[in-house]
Enquirer: 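Next up is a structure, given as structure tokens.
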Amino acid sequence: VQLQASGGGLVQAGDSLRLSCAASIRPFDWYIMGWFRQAPGKEHEFVAAINWSGAMTDYADSVKGRFTISRENAKNTVYLQMNILQSDDTAVYYCAADSGRRPLGPDIRDRRIYDYWGQGTLVTVSS
């Protein structure tokens with residue numbers, strides 16, 4: 001099983017980036033997909049999650065209205081569109097997969113429930 005995150009880079013405050021996570025898990029549409037991030041010296045932080053069909057999403061308050069999570073099941077890929085980036089968004093971003101076709105509940109923000117993790121992609125926002 002492999003989750004390959006990509007799309008990170010160095011940008012200026014106010015810019016946009018789109019992260020991608022290509023997954024080898026099968027069937028991909030059996031998994032809830034999430035994005036987490038870890039800033040230097042801080043714990044992992046929930047960013048966003050999307051259910052198996054894409055019909056349900058959840059966002060951390062800190063990114064709501066700026067970030068959009070989406071998925072293309074035919075391509076086994078989940079995306080994180082990040083707009084109006086701020087210096088506080090600087091972190092390594094990880095994608096994760098949690099098995100199960102179920103509604104998104106509060107537990108989806110807990111990194112411990114996820115079965116698989118990608119290697120992370122670094123996003124650096126300069127102010």
Side-chain angles (χ1 to χ4, degrees):
V1 173
Q2 190 173 25
L3 301 179
Q4 185 73 37
S6 62
L10 173 62
V11 297
Q12 294 188 335
D15 286 351
S16 298
L17 272 179
R18 189 176 80 155
L19 305 183
S20 299
C21 175
S24 66
I25 49 177
R26 298 291 188 274
F28 180 68
D29 63 1
W30 193 256
Y31 286 81
I32 291 168
M33 299 300 296
W35 286 98
F36 287 76
R37 65 187 182 187
Q38 187 173 28
K42 295 188 177 181
E43 297 291 321
H44 276 81
E45 176 190 17
F46 169 78
V47 176
I50 189 167
N51 79 324
W52 68 272
S53 68
M56 294 183 66
T57 57
D58 187 29
Y59 296 94
D61 288 345
S62 58
V63 307
K64 197 173 294 183
R66 298 188 298 122
F67 290 12
T68 302
I69 188 172
S70 62
R71 65 191 296 163
E72 284 190 78
N73 288 341
K75 294 185 178 181
N76 294 340
T77 302
V78 62
Y79 305 98
L80 186 68
Q81 177 67 44
M82 305 186 295
N83 298 329
I84 318 176
L85 282 161
Q86 306 165 355
S87 57
D88 287 349
D89 296 318
T90 294
V92 177
Y93 284 72
Y94 299 88
C95 58
D98 172 42
S99 63
R101 284 187 173 187
R102 55 185 175 81
L104 301 184
D107 64 328
I108 209 64
R109 298 185 175 207
D110 185 346
R111 64 186 299 268
R112 294 172 296 179
I113 73 163
Y114 287 84
D115 302 304
Y116 304 107
W117 289 82
Q119 87 291 354
T121 185
L122 176 61
V123 173
T124 304
V125 183
S126 64
S127 56

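Computed from a predicted model, the values in this text were never measured in an experiment. Heavy-atom basis, side chains included; hydrogens, waters and symmetry copies ignored. Starting from 1, each residue takes its place in the sequence as its number.
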Enquirer: Enumerate the side chain to side chain donor-acceptor pair (under 3.5 Å) contacts for residues 82-95, please, sequence neighbours excluded, ordered by first and then second residue.
Expert: S16-N83, R37-D89, R37-Y93, R66-D89, Q81-N83
Enquirer: Please test T77 against R71 for side-chain contact (heavy atoms from CB on, under 4.5 Å), starting from the C-alpha separation and ending with a verdict.
Expert: CA-CA 6 Å; T77 302; R71 65 191 296 163; over 6 Å; no
Enquirer: Check whether any side-chain N or O of D115 sits under 3.5 Å from a backbone N or O of S99 as a donor-acceptor pair, and report yes or no.
Expert: yes
Enquirer: Work out which heavy atom in L3 is nearest to a heavy atom in A96; give both atom names and the distance.
Expert: CD1-CA, 3.9 Å
Enquirer: When you group the ILVMFWY residues by side-chain heavy-atom contacts below 4.5 Å and let the links chain together, are L19 and I25 in the same group?
Expert: yes
Enquirer: Name all residues meeting the ring pair (Phe, Tyr, Trp, His ring centres under 6.0 Å) criterion together with F36; count only those two or more places apart in sequence or in a different chain, and write none if there are none.
Expert: F46, Y114, W117
Enquirer: Step by step, would you call V78 with I69 a side-chain contact (heavy atoms from CB on, under 4.5 Å)?
Expert: CA-CA 7 Å; V78 62; I69 188 172; 3.9 Å; yes
Enquirer: Do any N or O atoms from the side chain of Q38 and from the backbone of K42 form a donor-acceptor pair under 3.5 angstrom?
Expert: yes
Enquirer: Would you mind listing every side chain to side chain donor-acceptor pair (under 3.5 Å) that reaches into residues 118-127, with sequence neighbours excluded?
Expert: none
Enquirer: Any ring-ring contact (aromatic ring centres under 6.0 Å, His included) involving residues 58-83? Give me the pairs, sequence neighbours left out, ordered by first then second residue.
Expert: none
Enquirer: If you group Ile, Leu, Val, Met, Phe, Trp and Tyr by side-chain heavy-atom gaps below 4.5 Å, do L104 and Y116 land in one group?
Expert: no
Enquirer: Between E45 and S62, is any pair of side-chain heavy atoms under 4.5 Å apart?
Expert: yes
Enquirer: Which residue is it: N51, I50, I32, I108? I am looking for the one with a side chain to side chain contact (heavy atoms under 4.5 Å, CB included) to M56.
Expert: N51
Enquirer: Only one of V92, L17, L80 passes side chain to side chain contact (heavy atoms under 4.5 Å, CB included) with V123; say which it is.
Expert: L17
Enquirer: Please lay out, stage by stage, how R102 and D98 fare under the test side-chain contact (heavy atoms from CB on, under 4.5 Å).
Expert: CA-CA 10 Å; R102 55 185 175 81; D98 172 42; 2.3 Å; yes
Enquirer: In the structure I gave you, are the side-chain heavy atoms of M33 and F28 within less than 4.5 Å of one another anywhere?
Expert: yes
Enquirer: Which side chain to side chain donor-acceptor pair (under 3.5 Å) pairs, counting each pair once, include a residue from residues 23-36, with sequence neighbours left out?
Expert: D29-R101
Enquirer: Enumerate the disulfide (SG to SG under 2.5 Å) contacts for residues 27-75, please, sequence neighbours excluded, ordered by first and then second residue.
Expert: none
Enquirer: Look up atom CE in M82 and atom OG1 in T68, then write down how far apart they are to the nearest 0.5 Å.
Expert: 11.0 Å
